[in-house]
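Scroll down for the structure; my scribbles are underneath it.
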Amino acid sequence: MCHMPVSSEQIIQMRGERPVAQYRPGQVLFYLDHRPMGLWLLLHGEVILRGRNQQRTYVTAPAVLGFVQLQTDVSYPATAQATTACEVVFIGREELGSDLSAFATANA
């Protein structure tokens, strides 16, 4: 789908000093078929990924959302919606630069 689990240590390292956004249950992080503009680090909470044909996947923190789509420049295959109160860090495409593999390796 559009998430990958990571350890608590990895997510803290990836976050760095970036600001944390608070999402309430029901708020949407990104929408199905939208172009990826960055990575979403799910620090705390849970989101549901709703894909085509009512496919549903629950993702619990810590996790990274949208990495594959950003790396391949493919639209999101699902809508990500908070099911609980969530803490999320967004890292924009421009901040990551052109080499996403190096970012993932450095933070793995």
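- One distance of note links CG of L29 with NE2 of H34; it measures 13.0 Å at 0.5 Å rounding.
- Using modelled atom types and a 3.5 Å distance limit, the side chains of E46 and T83 yield a donor-acceptor pair.
- Here the CZ atom belonging to F90 is positioned 11.0 Å from the CZ atom belonging to R18, to the nearest 0.5 angstrom.
- Hydrophobic clustering (ILVMFWY, side-chain heavy atoms < 4.5 Å, transitive): V88 and M37 are in one cluster.
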Check the pair Y23 / V47 against side chain to side chain contact (heavy atoms under 4.5 Å, CB included), numbers first and verdict last.
CA-CA 10 Å; Y23 281 75; V47 300; over 6 Å; no
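- Between S8 and P62 the shortest heavy-atom distance is N-CG, 3.9 Å.
- To the nearest 0.5 Å, atom CZ of residue R56 and atom OG1 of residue T79 are 11.5 Å apart.
- Using modelled atom types, one side-chain atom of Q10 and one backbone atom of S7 make a donor-acceptor pair closer than 3.5 Å.
- The CH2 atom of W40 sits 11.5 Å away from atom SG of C86, with the distance rounded to the nearest 0.5 Å.
- Closest heavy-atom contact between L42 and G45: CD2-O, 4.0 Å.
- Scanning all heavy atoms of the two residues, the minimum distance from Q27 to R24 falls at OE1-N, 2.6 Å.
- Interatomic distance, Y58 OH to T84 OG1, rounded to the nearest 0.5 Å: 11.5 Å.
- With sequence neighbours left out, the salt bridge (Lys or Arg N to Asp or Glu O under 4.0 Å) criterion links E87 to no other residue.
- Looking at every heavy atom in both residues, P36 comes nearest to Q69 through CG-O, 3.3 Å.
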Chi angles and distances behind the side chain to side chain contact (heavy atoms under 4.5 Å, CB included) call for L43, V20:
CA-CA 9 Å; L43 304 177; V20 176; 3.7 Å; yes
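- Counted by atom type alone, R50 and Q81 present one or more donor-acceptor pairs between their side chains at under 3.5 Å.
- Note that the CG atom of L41 and the CD1 atom of I91 stand 4.0 Å from one another [nearest 0.5 Å].
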Working note: Y76 + L32, criterion side chain to side chain contact (heavy atoms under 4.5 Å, CB included); need CA distance, chi angles, decisive distance, verdict.
CA-CA 5 Å; Y76 294 119; L32 172 73; 5.9 Å; no
Evaluate side chain to side chain contact (heavy atoms under 4.5 Å, CB included) for R35 paired with R93, printing each intermediate quantity in order.
CA-CA 11 Å; R35 182 173 179 260; R93 178 189 299 267; 3.8 Å; yes
